[in-house]
There are 2 protein chains.
Amino acid sequence: MQPLKDEDVGGTGIAAEVGTPETRKTRRHGGISEKPGEEVAESAVGVREKNQNSVEKPVSLKILADYLGLCPATVSVVLNNVPGRSIPAETRERVRAAARKFNYQPSLLARSLRKQRTFTVGVLAPELSDGYHTMVMSGIGDHLMREGYFYLTAHHRHKPDMIEEYPRLLLGRGAEGLIAIDTALSHGLPVPVVAVAGHRKISGVTNVVLDHKRAAELSLRHLYQLGHRHIAFMRGQRFSADSDDRWKSIVNVAGELGLEIRPELTIQLERDLTSPELGYPVVQELLQKGRRFTAIVSFNDIAAIGAIRALRDRNLRVPEDVSVVGFDDIQVAAYHHPRLTTIRQPLRHMGETAARILLQRLQGFKDYPEEFAVPPELIIRETTAPPNKKQLKQQR
Amino acid sequence: MQPLKDEDVGGTGIAAEVGTPETRKTRRHGGISEKPGEEVAESAVGVREKNQNSVEKPVSLKILADYLGLCPATVSVVLNNVPGRSIPAETRERVRAAARKFNYQPSLLARSLRKQRTFTVGVLAPELSDGYHTMVMSGIGDHLMREGYFYLTAHHRHKPDMIEEYPRLLLGRGAEGLIAIDTALSHGLPVPVVAVAGHRKISGVTNVVLDHKRAAELSLRHLYQLGHRHIAFMRGQRFSADSDDRWKSIVNVAGELGLEIRPELTIQLERDLTSPELGYPVVQELLQKGRRFTAIVSFNDIAAIGAIRALRDRNLRVPEDVSVVGFDDIQVAAYHHPRLTTIRQPLRHMGETAARILLQRLQGFKDYPEEFAVPPELIIRETTAPPNKKQLKQQR
DNA sequence: AAGTTTTAGACAAACGATTGTCTTGTGCCC
DNA sequence: GGGCACAAGACAATCGTTTGTCTAAAACTT
């Protein structure tokens, strides 16, 4: 940091002539001592405010400028390397040294206000605590932070009034764009929006979705090839944006394969749960009613785990008596007993994709796709096997 | 609320004469049509910017003021119900009606700059995707949103330079306080900080921690009472803030019970994983080395699930041959097979507590505790049972 | 009728940056 | 030595609010 000393000397020579000396004399130094050697004294407030250690209260541009005997604009110009301005290298270095010395951090708030850019986006999700949203958020967070963006999170628990209100609040907070996870937006917004697992087509909203057709093909073909013909299906909750698309694809593919979808073997999930309890009572009920089936296509892994528990509790073995296919491939799926056969949604990847598309749109990229489909993957583990002859015989 | 009506009546009579009509006429209307009935016409830009539907570009205070023929300050005063200002009820209503009509949303950015209050806090976590942080975040998010705060999230993957850098960035973004989850802060900050599962004592940082002593008592007593004497222990990863405290408590309680902690039965977790893979290879190794034990005290549920898988893969039954106690009580714990006996950490509650304490401190509450311990709970399920005689006999 | 109080707002100065325009002094050229 | 270009930075407006002060007119007082 010796340059500081040199500059002080040189600076004195030059700067003494710049502006009226009076101007400089009359400038106050905003609380920062001007003698280079002298450190800023901690105000001895005694017991109060003991938590103000290690990082000092932020220094503003103005204070820095006063200290340097420059005007704030010049300091700003130097620190931002604004092109087309002539500032001598010596002054530049002097400014940068001071900025380092006082650990100057520009107020992003003020800068955002001025530039009308916040480098902040809003993320809207129904919940924070379950695996699905969490993985997507993780992908989103990774990408955004890598690109120097921050994000505000809000969750709405599927309540329509909050789904209506939070986007507005987030925009008021300066969010330049929004990512909505599994959220039924009812209309567009004045900023770019990317929806993950959004089902509706809304102008201005890019949908990042799973390729549900392919997913249905993977799971149904798998069961079909194993020999299953009597399959129970779970439909997702109505509030879940994916439910409809996924169901349509299943119906579609079942038709192609010549598989029958029986109403009495179709479970409609209703409860807003993120624990296996979601799948337990509904399968239990199916069994109590004496329904016969050799496989279950679950809406997700969590429900599949609940379903398996319900089967076990009725002394049915998985996969010997009943096969189960999950959906999502959450982390515990591979460590469940038995290991879960499932359709992997590349959730983290979907989150990253959503973030990437949003940032592209923020950078003025106009030619964005209306929909972006991500391919699923069939992960065959231990919960699927050929149907049990005995079970089959009992049917019909 | 009837008083309001009275004012309306009284106000009308007074306010009709106020202000020169000329003043109001000559003001321009800043692009907003002045005829109350006439809606703002969508500028017909054709193909471009089709995403600007439903919510218009934000209207500023100035535009609203111009439209009303008032000055921005007055409008602000009305909308914020600033006390001690005399504005007739008629004008107030006129202002509010206009605000509703144009869906005025104050710029929180500008307001924050002016008031030096952002109602935003920063949340710092190692990861976003695992159950622990997710549950804590969920509690934090709930409380903050309930109180009208927003939060910025950052994750650092335990990298020290990021742990150093992000707090600064978050403060630059206007965070008024910080909640650090499982993060090894090295020093205080110029704002209130609450650490969840932080281990160090740092002035200005309130620690919200689990009562580890109690947790160790619950799990060890339980195993002890069942008859276990040869217990394997997992120590958490060194980067995990909880590891040390938890281990010390275990050592402590083991001493009180007269239980021996054998180095050859102690597993040191090293890998930075959030999947059951964390616990699989380490237990596998223990078994390969031929170590004898009748119970495992796992560092967390995820690792416990991996451990159980490793035991099974060596044809050891849980709990008949080996008992396993987890930690955390994550959602799948109750639905694992067998259902996991574990120590429940009230994670969501801890998150809420952290948020609550932070907000209290932000509101100037000085007398905050340095540490806040939350009691754990023993959840006995199916992975613990009395030790197997045969296993016992083989020992020693 | 003059003085005082109250009312209804306007005015202007912040908050902390960025950026287009102006000023002043210096160096250079012929 | 007069004109010109350029260097170095000051100045001022701006982003959208909030808030303390000020003013003109009206209303009340005696």
Side-chain angles (χ1 to χ4, degrees), chain A residues 11 14-20 23-24 27 30 57-66 68-92 94-95 99 104-118 172-174, chain B residues 7 10-11 13-21 23-24 27 30 57-66 68-92 94-95 99 104-118 172-174:
Chain A
I14 294 174
E17 314 305 318
V18 173
T20 60
T23 308
R24 288 187 59 193
R27 284 182 189 279
K57 192 157 116 230
V59 165
S60 77
L61 203 58
K62 184 169 174 328
I63 296 187
L64 205 58
D66 282 357
L68 286 163
L70 295 171
C71 90
T74 307
V75 178
S76 168
V77 163
V78 170
L79 294 179
N80 292 305
N81 282 317
V82 177
R85 296 273 198 166
S86 65
I87 312 280
E90 193 192 23
T91 304
R92 286 180 184 277
R94 207 161 62 90
V95 168
Y104 169 70
Q105 292 279 123
S107 156
L108 276 273
L109 231 60
R111 176 181 289 172
S112 295
L113 182 60
R114 172 62 227 240
K115 301 183 96 163
Q116 301 292 82
R117 292 281 275 118
T118 59
R173 290 271 159 150
Chain B
E7 284 167 24
I14 296 175
E17 314 304 317
V18 170
T20 61
T23 309
R24 291 182 47 185
R27 287 188 185 274
K57 193 157 118 230
V59 165
S60 78
L61 203 58
K62 185 170 172 325
I63 296 189
L64 205 59
D66 282 358
L68 286 164
L70 295 171
C71 90
T74 306
V75 178
S76 168
V77 163
V78 170
L79 295 178
N80 292 307
N81 281 318
V82 177
R85 297 275 196 163
S86 65
I87 313 279
E90 192 195 25
T91 305
R92 285 179 186 277
R94 211 160 59 88
V95 168
Y104 169 71
Q105 291 280 121
S107 156
L108 276 274
L109 229 61
R111 175 181 291 172
S112 294
L113 181 61
R114 172 63 228 236
K115 300 184 94 164
Q116 300 295 83
R117 291 283 275 116
T118 59
R173 290 272 158 147

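Every chain is numbered from 1, with letters handed out A, B, ... down the list of sequences.
- Thr74(B) OG1 to Leu79(B) CG: the interatomic distance, rounded to the nearest 0.5 Å, is 10.5 Å.
- Checked against dT18(C), dT17(D), dG16(C), the side chain of Leu61(A) finds its nearest nucleotide in dT18(C).
- As a whole-Å value, the separation of Ile63(B) CD1 from dC15(D) P is 10 Å.
- For dA10(C), the OP1/OP2 oxygens have a side-chain nitrogen or oxygen of Thr74(B) closer than 4.0 Å.
- Of the inter-residue distances, the one linking Gln116(A) atom CD with Leu109(B) atom CG reads 8.0 Å to the nearest 0.5 angstrom.
- For a distance-only test at 3.5 Å, the side chain of Ser76(A) fails to qualify as a donor-acceptor partner of the base of dA17(C).
- Here Ser60(B) lies in heavy-atom contact (under 4.0 Å) with sugar-phosphate atoms only.
- With dT19(D), dT19(C), dC15(D) as the candidates, the nucleotide lying closest to the side chain of Gln116(A) is dC15(D).
- Taking atom CZ of Arg117(A) as the reference point, atom P of dG16(C) lies 23 Å away to the nearest angstrom.
- If you check every strand for non-hydrogen atoms under 4.0 Å, Arg114(A) touches a base.
- Ser107(A) comes within 4.0 angstrom of sugar-phosphate atoms only, judged by non-hydrogen atoms across all strands, and of no base.
- Rounding to the nearest 0.5 Å places OG1 of Thr118(B) at 11.0 Å from CG of Leu113(B).
- Between the CD atom of Gln105(B) and the C1' atom of dG16(D) there is a distance of 14 Å, given to the nearest Å.
- Here dG16(D) presents its P atom at 17 Å from CG of Asn80(B), a figure rounded to the nearest Å.
- When the P atom of dC11(C) is taken as reference, atom CZ of Arg85(B) falls 14 Å away, rounded to whole Å.
- In this structure, the nucleotide among dA8(D), dC11(C), dT19(C) sitting nearest to the side chain of Val77(A) is dT19(C).
- No engagement by Val82(A) is indicated, since no non-hydrogen atom pair under 4.0 Å with the nucleic acid exists.
- When rounded to the nearest whole Å, the span between CG of Leu64(B) and C1' of dT17(D) equals 13 Å.
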>> Between Asn81(B) and Arg92(B), is the side-chain contact (heavy atoms from CB on, under 4.5 Å) condition met? List the steps.
In response: CA-CA 9 Å; Asn81(B) 281 318; Arg92(B) 285 179 186 277; 4.0 Å; yes

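- Under the side chain to side chain contact (heavy atoms under 4.5 Å, CB included) rule, Leu70(B) has a single partner from Val78(B), Val75(B), Val77(B), which is Val75(B).
- Rounded to an integer number of Å, the gap from Leu113(B) CG to dT18(C) P is 12 Å.
- Look at CG on Asn81(A): it is 17 Å from P on dA17(C), rounded to the nearest Å.
- Looking at the side chain of Leu70(B), the nearest of the listed nucleotides dA10(C), dT17(D), dG9(D) is dA10(C).
- Annotation: of the two residues near DNA chain D, Ala73(B) and Leu109(B), the 5′-most nearest-nucleotide partner is Leu109(B).
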